[in-house]
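One structure is given below, encoded as C-alpha cells.
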Amino acid sequence: MPVPAARRAALRRALLAWYDAGHRALPWRGPQHGADPYRVWLAEVMLQQTQVATAAPYFRRFVARFPTLAALAAAPEEEVLALWSGLGYYARARHLHAAAREALARHGGLPRTVAELRALPGFGPYTAGAVASIAFAVPAAAVDGNVARVLQRVFALPGSASDAAVRREVAARAEALVPPARPGDFNQALMDLGATVCTPAGPACPRCPLAARCAARAAGRVAGIPAPRRRPAPAPLLLACAVVRGPRGLLLARRPARGLFAGLWAPPCAEVREGEPRAALAAALAALGIPGDIGEERASLRRTLTHRALTLRAYHAVLRRPGPRGGGGELRWAAPGELATLGLPTAARLLLERL
DNA sequence: AAATCGGGGTC
DNA sequence: GACCCAGATTT
C-alpha cells in the first residue's frame, strides 16, 4: 500500500523539525553537516546490534588509533581485533578491516553508491543505506531495529519485526518515505526517535512528533506493535580450557577463523561433553602440537550469549614439550600486563580473572 | 527460512 | 529472565 504524498510530506516535515530541535550529540556526528564517511561507516558497524552507550567508548578508542580508512587498511588484523575486544560479533571487525583494504584498492576510498557499498564485506542492506544516505546524501532507506519499530507503529503494521513479510512491507514504506533532500538526517531522525521516544516498552507518545499521525496510537495498539519475537532457548555449550603457565606468561591459542570468538586469543579450549572434559582437552592440546597433561579444575564461569549457554572450565595443565617461541603463529605467551592489549573475548577475560 | 555470531542495557 | 539493540553472513 503506497503512502499518500500528503501524508509522506507531513511525516517528513514533523520528523525533521523534531530532529533539528535537538538531536543527540554523538561522537560520530560531526559538528557540521558533512560527516566523515569513514567515521560514519565505523559507527554504523559498531552499532550493529549494539546500543549507542556501549559502542561510544569503543568508537573513540578506535578512531584515536585508526583516524582514517587508510590507517585502518594498513593495520594488521590482529590489532583491529584487539580494539574490538569486548564489543562482540567479531566478524564485524574482520569484515571492516577487509572492506577497508578492498575499498582503498578498488575505489581509492569508500564508494558512494548503495550497490558498490553493498558489494564490500560487512555491508548488508542496512549499513549500505545508512552510509550512502548519511555520508553521501543518497536518498536510500536504512531500516534498523528502531526504524522498523517506528514505521510498524506509524503505519500500524502488526506482526513481529523478524517476520519476512513485515520486513518487506517496512522496507517498502521506508524507501517511499526517504526524502530526496537530507536523507541522512531523516534516517537518523527515525533512529533517534526509536531509541529515545518510540521505545520498545513504554514509549513516550506524548513527546512524539508523530503521535498525531501514528496509526497504532489512533487504534490504541502501540503496546502490541511490533509483536515480541520468540527466540529459542540458548543451547548449552561446555568449553574446557587449559591454563598453562610458563616463564613468559600464560599460553594463548588463536581461535579458529570461523565460529565462536573467531580469530581471537584465548587459552587453548576444547568443546567437550559433560563427563570427560580432561581427555577431550588433552586431545585438543595434542592437535595444537603441544601435548600436555591436564590437572585440577581451577575456575569456572557461566555466561549466556544470544544463542549459547556457555560454561567455561579452566584446568591446570603442564606441557610435555616446550611451547611456542615467538609470535606470529597460532600460539603465544602473554604476560599478565599484556592481556589488556590483546584481542580476547570477554568470556576468556572473566575466566582468567577468576584464577 | 533458519542458524550463527557477543555483550550489555532495561524493564 | 525476557526482550532488545543504528545486522550480516552462512547454511
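Since the structure is predicted, the reported quantities are computational estimates derived from the model, not experimental observations. We name chains A, B, ... by the order of the sequence lines, and we start the count at 1 in each one.
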Test item: side-chain donor near acceptor, A/Thr113 and A/Glu116, under 3.5 Å: yes
Sugar-phosphate only, base, or nothing, as touched by A/Asp192 at under 4.0 Å among non-hydrogen atoms: base
Intermediate values then yes/no, salt bridge (Lys or Arg N to Asp or Glu O under 4.0 Å), A/Glu353 and A/Arg349: CA-CA 6 Å; A/Glu353 278 177 18; A/Arg349 288 192 198 285; over 6 Å; no
Check: A/Phe123 ring centre within less than 6.0 Å of A/Trp41 ring centre: yes
Check: A/Arg230 side chain, C/dA2 base, donor-acceptor under 3.5 Å: no
Under 4.0 angstrom between A/Tyr58 side-chain N/O and B/dG7 OP1 or OP2: no
Below 4.0 Å: OP1/OP2 of B/dG8 and any side-chain N or O of A/Arg303: yes
Selected nucleotide, minimal atom distance to A/Gln51 side chain, candidates C/dA6, B/dG9, B/dC5: B/dG9
Partner set under ring pair (Phe, Tyr, Trp, His ring centres under 6.0 Å) for A/Phe59, not counting sequence neighbours: A/Trp28
Distance-only side-chain donor-acceptor flag, A/Arg231 / A/Ser162, under 3.5 Å: no
Under 3.5 Å donor-acceptor pair, A/Thr346 side-chain atoms to B/dG7 base atoms: no
Short heteroatom pairs, N/O only, protein and nucleotides 8-11 of chain C, under 3.5 Å:
| residue | atom | partner | partner atom | Å |
| --- | --- | --- | --- | --- |
| C/dA8 | OP1 | A/Gly124 | N | 3.0 |
| C/dA8 | OP1 | A/Gly124 | O | 3.4 |
| C/dA8 | OP1 | A/Tyr126 | N | 3.4 |
| C/dA8 | OP1 | A/Thr127 | N | 2.8 |
| C/dA8 | OP1 | A/Thr127 | OG1 | 2.8 |
| C/dA8 | OP2 | A/Tyr126 | N | 3.3 |
| C/dT9 | OP1 | A/Gly122 | N | 2.5 |
| C/dT10 | O3' | A/Arg258 | NH2 | 3.2 |
| C/dT11 | OP1 | A/Arg258 | NH2 | 2.9 |

Distance test, side-chain N/O of A/His307 to OP1/OP2 of B/dA3, below 4.0 Å: no
Sugar-phosphate only, base, or nothing, as touched by A/Trp41 at under 4.0 Å among non-hydrogen atoms: nothing
Sugar-phosphate, base or nothing in reach of A/Pro232, heavy atoms under 4.0 Å: nothing
No-hydrogen, no-angle side-chain donor-acceptor test under 3.5 Å, A/Tyr126 and A/Glu44: yes
No-H, no-angle donor-acceptor pair, A/Thr50 side chain to B/dG6 base, under 3.5 Å: yes
A/Gln188/A/Arg29 under side-chain hydrogen bond (donor to acceptor under 3.5 Å, both in side chains): CA gap, chis, key distance, verdict: CA-CA 10 Å; A/Gln188 293 184 87; A/Arg29 286 180 181 163; 2.9 Å; yes
Sugar-phosphate only, base, or nothing, as touched by A/Arg149 at under 4.0 Å among non-hydrogen atoms: sugar-phosphate
